Amino acid sequence: MNRMMLSGALALTLAVPGIFAQPKPKSQAELDALKVMYAAQTPDARIAACENVLEKFKDTDFKATALYFEALSYEQKGDYANTVVFGERTLEADPKHYEAMLMLATDIAQHTKEFDLDREQKLAQVEKYATTALELLKDAPKPNTQLTDDQWAGAKKDFATQAHAAMGMGAMARKKYDVAESEFKIAIGGTDRPDPGIIVRLGRVYSDEGKYDDAIAQYDKVMAMQDISPAFRQIAQAERVRAFQKKNAANPAAPAAPGTPAAPAKPDAPKSNGPQQ
């Protein structure tokens with residue numbers, strides 16, 4: 001459940017005038033290279049443009065931005081290893097880059113499984129990145145002074161949602177369902193437009209806890225949402241059926257999920273009229 005390529009405050013920064021207000025390019029050539037980087041339409045084109053900026057303008061004040069854009073581009077390509085590499089390089093260039101922290105927290109949490117040998121090491125990273133980002137966001141200045149207070153407040157809510165969702169995924173990997181439930185609830189309640197992916201994850205937590213009716217209610221919410229991708233609706237529908245199946249297995253008297261085909265009845269045993277002559 002990846003985020004949009006340019007989300008939150010970053011997207012807002014690009015959408016309003018004066019994107020180079022802080023800092024400023026040192027030359028016209030650097031400005032031209034940055035414009036190409038910002039305007040790139042595909043991950044590969046953006047990676048090439050970022051590398052161009054980093055190689056030709058080694059003293060650029062946009063080093064962290066170029067590295068972050070490159071990390072996001074690898075994330076879009078599904079290249080987890082390079083996403084982490086360039087996310088960490090972003091933090092080397094700017095230790096307070098909370099967007100890179102949130103990206104790393106989310107991706108590492110998504111790629112950590114219950115039986116990974118380095119599970120605890122990776123989940124410790126998730127917690128560190130997410131909690132540090134939340135602390136930085138409390139007093140974070142607007143990335144662009146032309147953002148309105150409402151725009152910035154909304155962006156900060158979205159960032160906080162990402163942090164709590166990442167911590168919820170980490171708790172799921174540890175099977176700490178009560179913690180995961182709490183984090184996902186905070187993530188959903190912290191935004192005006194909840195991420196359907198987070199709602200699905202909350203449903204899975206409820207299902208793993210044996211709270212099948214609560215799980216089904218979450219999947220129903222997703223299926224009723226407008227303007228979401230068919231993939232999310234299909235996932236929610238499949239999880240809903242699975243929750244009903246688990247509920248029925250735990251309580252055979254429970255009704256089947258609406259729209260679920262009934263199991264075929266077993267045929268009656270043939271009647272015996274005694275030994276045949």
Side-chain angles (χ1 to χ4, degrees), residues 1-14 19 23 34 37-38 40-55 57-58 60-113 116 118-138 140-141 143 155-156 158-173 183 187 195 197-198 201:
M1 300 173 208
N2 290 337
R3 302 177 309 283
M4 293 176 61
M5 273 299 298
L6 298 175
S7 62
L10 181 59
L12 292 171
T13 302
L14 301 184
I19 60 173
L34 288 167
M37 182 183 78
Y38 277 82
Q41 297 298 307
T42 66
D44 288 333
R46 191 175 300 107
I47 289 168
C50 291
E51 286 296 317
N52 181 58
V53 170
L54 294 168
E55 290 174 7
F57 309 97
K58 296 189 182 301
T60 180
D61 291 332
F62 290 83
K63 181 178 181 180
T65 300
L67 290 167
Y68 178 59
F69 273 32
E70 195 158 351
L72 284 172
S73 300
Y74 279 117
E75 183 186 47
Q76 190 180 32
K77 286 167 63 73
D79 186 335
Y80 170 63
N82 272 316
T83 299
V84 173
V85 167
F86 282 91
E88 291 177 343
R89 286 186 62 189
T90 302
L91 293 179
E92 290 174 3
D94 179 4
K96 294 186 177 182
H97 201 297
Y98 49 82
E99 289 179 272
M101 293 178 191
L102 292 171
M103 178 189 65
L104 286 166
T106 300
D107 280 73
I108 293 171
Q110 288 177 333
H111 286 83
T112 301
K113 307 303 179 186
D116 288 350
D118 59 348
R119 184 192 72 170
E120 287 307 312
Q121 178 184 346
K122 290 192 290 188
L123 294 181
Q125 287 182 303
V126 171
E127 291 179 356
K128 177 184 175 183
Y129 289 138
T131 55
T132 303
L134 285 172
E135 283 300 314
L136 290 170
L137 280 167
K138 290 179 181 178
K156 289 174 75 172
D158 290 341
F159 289 139
T161 289
Q162 292 176 36
H164 288 290
M167 289 191 286
M169 286 186 281
M172 283 187 74
E183 292 293 347
D195 183 336
I198 300 175
R201 290 185 188 278

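Quick caveat: nothing in here was measured; it's all calculated off a predicted structure.
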Hey, what do you get for CD (Glu51) to CG (Leu67), rounding to the nearest 0.5 Å?
-> 8.0 Å

Between Asp79 and Asn82, what is the shortest heavy-atom contact and its length?
-> OD2-ND2, 2.9 Å

Residue list, side chain to side chain donor-acceptor pair (under 3.5 Å) with Glu120, at least two apart or on another chain = Arg174

Going through the checks in order, is the side-chain contact (heavy atoms from CB on, under 4.5 Å) test met by Glu88 and Gln125?
-> CA-CA 11 Å; Glu88 291 177 343; Gln125 287 182 303; 3.9 Å; yes

Minimum heavy-atom separation for Thr90 to Ala64, with atom names?
-> CG2-O, 3.6 Å

Between Arg46 (side chain) and Ala40 (backbone), is there a donor-acceptor pair under 3.5 Å?
-> yes

Please identify each residue that fulfils side chain to side chain donor-acceptor pair (under 3.5 Å) with His164, with sequence neighbours left out.
-> Glu183

Residues in salt bridge (Lys or Arg N to Asp or Glu O under 4.0 Å) with Asp44, at least two apart?
-> Lys77

Using the six-membered ring wherever Trp is involved, compare the ring planes of Tyr80 and His111 and label them parallel, tilted or perpendicular (cut-offs 30° and 60°).
-> parallel

Main-chain N/O of Lys113 paired to Asp116 side chain as donor or acceptor, under 3.5 Å | yes

Sole candidate of Tyr74, Phe69, Tyr68 that passes ring pair (Phe, Tyr, Trp, His ring centres under 6.0 Å) when paired with Phe86 = Tyr74

Hey, what do you get for CD1 (Ile47) to CD (Glu70), rounding to the nearest 0.5 Å?
-> 5.5 Å

For Lys63, side chain to side chain donor-acceptor pair (under 3.5 Å) partners two or more places apart | none

Any side-chain heavy atom of Leu104 within less than 4.5 Å of one from Leu91?
-> yes

Are Asp107 and Met103 close enough that some pair of their side-chain heavy atoms sits under 4.5 Å apart?
-> yes

Work out which heavy atom in Ile198 is nearest to a heavy atom in Ala165; give both atom names and the distance.
-> CD1-CB, 3.7 Å

Can you tell if the side chain of Leu72 reaches within under 4.5 Å of the side chain of Glu99, non-hydrogen atoms only?
-> no

Show me the donor-acceptor pairs, under 3.5 Å and distance only, between side chains in residues 128-137 and residues at least two apart or in other chains.
residue: Thr131; atom: OG1; partner: Glu127; partner atom: O; Å: 2.6
residue: Thr131; atom: OG1; partner: Lys128; partner atom: O; Å: 3.3
residue: Thr132; atom: OG1; partner: Lys128; partner atom: O; Å: 2.7
residue: Glu135; atom: OE2; partner: Lys138; partner atom: NZ; Å: 2.9

Ala66 versus Val53, closest heavy-atom pair with distance | CB-CG1, 4.5 Å

Got a donor-acceptor contact below 3.5 angstrom from the Asp118 side chain to the Gln121 backbone?
-> no

For Glu92, check side chain to side chain donor-acceptor pair (under 3.5 Å) against everything at least two apart and list the hits.
-> none

Any idea which heavy atoms bring Tyr98 and Pro141 closest together, and the distance?
-> OH-O, 4.5 Å

Whether Thr161 side chain and Ala187 backbone form a donor-acceptor pair below 3.5 Å = yes

Enter the distance from Met169:CE to Thr106:OG1 here, rounded to the nearest 0.5 Å.
-> 5.0 Å

Which heavy atom in Ala109 sits nearest to a heavy atom in Val126, and how many Å separate them?
-> N-CG2, 3.6 Å

